[in-house]
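Chain naming here is simple, since letters A, B, ... match the order of the sequence lines and numbering starts at 1 in each.
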Amino acid sequence: MTKLHFTISHKLPGTLARAGVIQTPHGAIQTPAFIVGGTKATVKALTPQHVYDLGGQAVLANTYHLMLQPGAEIVQRAGGLGVFMHWDRPTFTDSGGFQVFSLGMAYKKGIDATSHSQKGESAQAVHSHGQLAKVTDEGATFRSHLDGSTHTMTPESSMELQHAIGADIHMAFDELTSPLAGREYIKKAMDRTHVWAERCLARHAALNAEHQEHGEPLQALYGVVQGAREEDYRRESAAFLGERGFDGYGIGGVFEPEEIPEVVRWVTETLPEDRPRHLLGMGAQPADLFLGVEYGIDTFDCVAPTRQARNGALYTYDGRINIRNQKFSQDFTPISSECGCYVCQNFTKAYLNHLFKADEMLGATLASIHNEWFVVHIVDTIRESLRNGTFFAYKEQFLARYYGADRAAAFLKLRV
RNA sequence: GCGGAAGUAGCUCAGUUGGUUAGAGCGCCUGUUUGUGGCACAGGAGGCCGUGGGUUCAAUUCCCAUCUUUCGCC
């Protein structure tokens with residue numbers, strides 16, 4: 001069973017932070033690591049060579065999107081996700097659970113899984129607004145955001161789809177709860193997620209047995225911890241899943257960035273220490289990355305760097321800028337003179353400003369290269385700082401400059 | 001020169017038989033984006049309604065003149 005090995009080489013005393021290596025059939029991931037978002041088997045606007053050059057160690061694709069288009073079978077016939085998209089390093093797939101709730105059922109209905117505007121409604125009520133989407137103990141029935149067609153996803157089908165897609169690391173199929181959900185529904189969803197997790201394990205084991213018969217590489221499965229913002233549920237979920245022998249653990253759900261330290265700590269304190277932890281969908285802002293690592297996260301994925309890049313929001317060491325702003329039209333300096341990325345070595349803000357104003361595709365590409373490099377580089381440097389004991393110095397210096405002293409102080413006073 | 005059409009936001013236009021703070025799309029300016037709907041969303045600025053007279057309680061709207069653009073015809 002060589003599907004995944006995780007070794008921890010450094011721990012930071014007084015925190016939950018650690019540095020290590022995840023070994024997969026497609027190579028190693030040095031942790032902490034920022035996993036690049038490649039939802040539809042493509043990192044939007046970038047070629048795999050760009051991703052490689054900016055230091056991306058692994059890519060995370062999405063089961064929901066790929067099952068709808070082009071279909072998991074086509075990815076499988078192509079030779080699996082990595083071959084299909086020409087990415088020969090490690091790959092992850094998300095289970096599709098999140099998208100069933102965030103896209104499939106509430107798409108353009110004014111109800112966003114992350115919305116806090118519809119106060120007082122239970123998760124059940126929010127779910128029911130999604131028209132034809134239905135969650136039962138068996139699985140979730142939802143409508144495609146592409147053509148409205150009806151689909152059902154179960155723990156078993158998610159495993160089958162993920163094995164067909166063939167990433168190195170899979171996520172268990174879970175139920176997302178709305179931030180508006182009450183404790184009663186949060187518990188119900190968590191319990192259901194736990195039952196689903198065991199069904200995922202069973203199907204996953206059977207599928208891996210088939211791989212073994214055919215001499216194919218085995219795939220790893222992460223259990224996904226739920227429990228929203230309730231400490232007892234989070235700990236219960238982490239304990240329950242932690243005893244089931246998953247290869248690693250995802251931390252799911254929807255919560256505010258400010259809540260990362262607390263929610264993550266409940267979970268990572270409870271999970272088995274020797275397995276990698278992945279924070280699902282979070283890690284856009286530098287503070288998220290520093291705090292996530294400090295509280296025990298090994299890998300992050302987040303689409304924000306590329307999504308924001310496509311809309312002109314670029315990261316610099318002095319904070320975020322909007323490259324479309326008029327003041328950049330005659331600024332012939334790089335986005336950041338200290339940045340080592342391809343874009344900052346070769347292009348000016350005035351040029352980027354022009355590309356965005358002219359709606360040229362290259363703007364999205366260059367902006368994505370820069371933002372993704374920036375975030376990957378932060379996590380790389382954090383990893384290095386864990387190895388040589390300079391984490392807190394790096395954190396304080398970086399955050400103070402990025403957010404300004406006042407805002408940074410709030411992040412800095414947090415300690416485990 | 002004659003006849004027709006048109007002048008309203010940077011651009012293309014709408015403006016209900018004359019009636020409160022004259023609208024839209026695009027553009028422009030600013031902001032937002034966290035298990036991805038790439039090209040999205042939110043907010044904002046910007047008009048002596050060509051010019052000058054007249055009618056009227058009231059004119060972007062009706063009348064006259066004038067300027068400009070445009071189409072057709074000599």
Side-chain angles (χ1 to χ4, degrees), chain A residues 34-46 59-66 68-69 92-104 106-110 112-115 117 143-148 158 169-177 179 193 222 224-226 249-260 263 277-289 291-292 297 299-315 320-329 353 355-365 367-368 371 375:
Chain A
F34 186 83
I35 311 303
V36 178
T39 306
K40 296 190 240 181
T42 167
V43 180
K44 293 186 194 299
L46 302 183
V59 165
L60 182 143
N62 196 289
T63 304
Y64 169 88
H65 293 83
L66 292 175
L68 295 177
Q69 192 177 56
F92 291 63
T93 40
D94 194 2
S95 68
F98 185 86
Q99 285 67 34
V100 164
F101 296 98
S102 68
L103 300 180
Y107 182 63
K108 281 188 177 170
K109 293 289 189 282
D112 186 333
T114 63
S115 168
S117 60
R143 296 185 68 172
S144 163
H145 71 281
L146 296 176
D147 62 8
S158 178
I169 297 171
H170 301 169
M171 296 292 158
F173 185 65
D174 61 334
E175 179 177 357
L176 169 85
T177 51
T193 294
Y222 282 20
V224 178
V225 176
Q226 287 294 352
Y249 296 89
I251 299 174
V254 175
F255 46 94
E256 294 297 317
E258 303 78 53
E259 298 168 322
I260 287 176
V263 174
R277 299 88 174 248
H278 181 90
L279 185 58
L280 285 157
M282 302 200 77
Q285 292 212 32
D288 304 343
L289 302 170
L291 294 172
I297 295 300
T299 55
F300 301 86
D301 77 87
C302 189
V303 301
T306 47
R307 177 187 290 165
Q308 293 183 342
R310 271 179 260 120
N311 289 307
L314 305 180
Y315 307 137
R320 215 180 75 179
I321 64 169
N322 184 345
I323 195 61
R324 288 172 305 187
N325 286 3
Q326 221 278 328
K327 63 183 172 187
F328 297 124
S329 64
N353 175 272
L355 292 177
F356 272 90
K357 291 287 186 62
D359 202 23
E360 280 291 337
M361 291 184 286
L362 185 59
T365 297
S368 297
N371 273 5
V375 172

What does [X] touch in the nucleic acid at a heavy-atom separation under 4.0 angstrom: a base, only the sugar-phosphate, or nothing?
X        : answer
A:Gly253 : base
A:Glu360 : nothing
A:Asp174 : base

Rounded to the nearest Å, what distance is computed from the CG atom of residue A:Asp288 to the C1' atom of nucleotide B:rU33?
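In whole Å, B:rU33 C1' lies 13 Å from A:Asp288 CG.
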Any residue meeting side-chain contact (heavy atoms from CB on, under 4.5 Å) with [X], in chain and number order, not counting sequence neighbours:
X        : value
A:Ala367 : A:Ala309, A:Leu314, A:Phe356
A:Asn322 : A:Arg324, A:Asn325
A:Arg310 : A:Lys44, A:Thr306, A:Arg307, A:Ala364
A:Asp147 : A:Ser144, A:Ser149

Under 4.0 Å between a side-chain N or O of A:Asn325 and OP1 or OP2 of B:rU30?
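Result: yes.
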For A:Glu259, which residues count as a salt bridge (charged side-chain N to carboxylate O under 4.0 Å, His left out) partner, sequence neighbours excluded?
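With neighbours one apart ignored, the set is A:Arg229.
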List the residues meeting ring-ring contact (aromatic ring centres under 6.0 Å, His included) with [X], not counting sequence neighbours, and say none if there are none.
X        : value
A:Tyr315 : A:Phe374
A:Phe173 : A:Trp196
A:Tyr249 : A:Phe246

Using side chain to side chain donor-acceptor pair (under 3.5 Å) as the criterion, list what pairs up with A:Thr193, not counting sequence neighbours.
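Once residues adjacent in sequence are excluded, A:Thr193 has no partner under the side chain to side chain donor-acceptor pair (under 3.5 Å) criterion.
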Just the table, please: protein N/O against nucleotides 38-40 of chain B N/O, every pair under 3.5 Å.
residue, atom, partner, partner atom, Å
B:rG38, OP1, A:Lys40, NZ, 2.6
B:rG38, OP2, A:Lys40, NZ, 3.3
B:rG38, OP2, A:Lys44, NZ, 3.0
B:rG38, O2', A:Arg310, NH1, 3.3
B:rA40, N7, A:Asn311, OD1, 3.4

Among the nucleotides B:rG35, B:rU34, B:rC29, which one has an atom lying closest to any side-chain atom of A:Gln326?
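The nucleotide sitting nearest to the side chain is B:rC29.
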Tabulate protein N/O versus nucleotide N/O from nucleotides 24-27 of chain B, keeping only pairs under 3.5 Å, one per line.
none

Which helical stems does RNA chain B take part in, if a stem means at least 3 consecutive Watson-Crick or G-U pairs with both distances below 3.5 Å?
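RNA chain B stems, ordered by first number: B:1-7 with B:67-73, B:10-13 with B:23-26, B:28-32 with B:40-44, B:50-54 with B:62-66.
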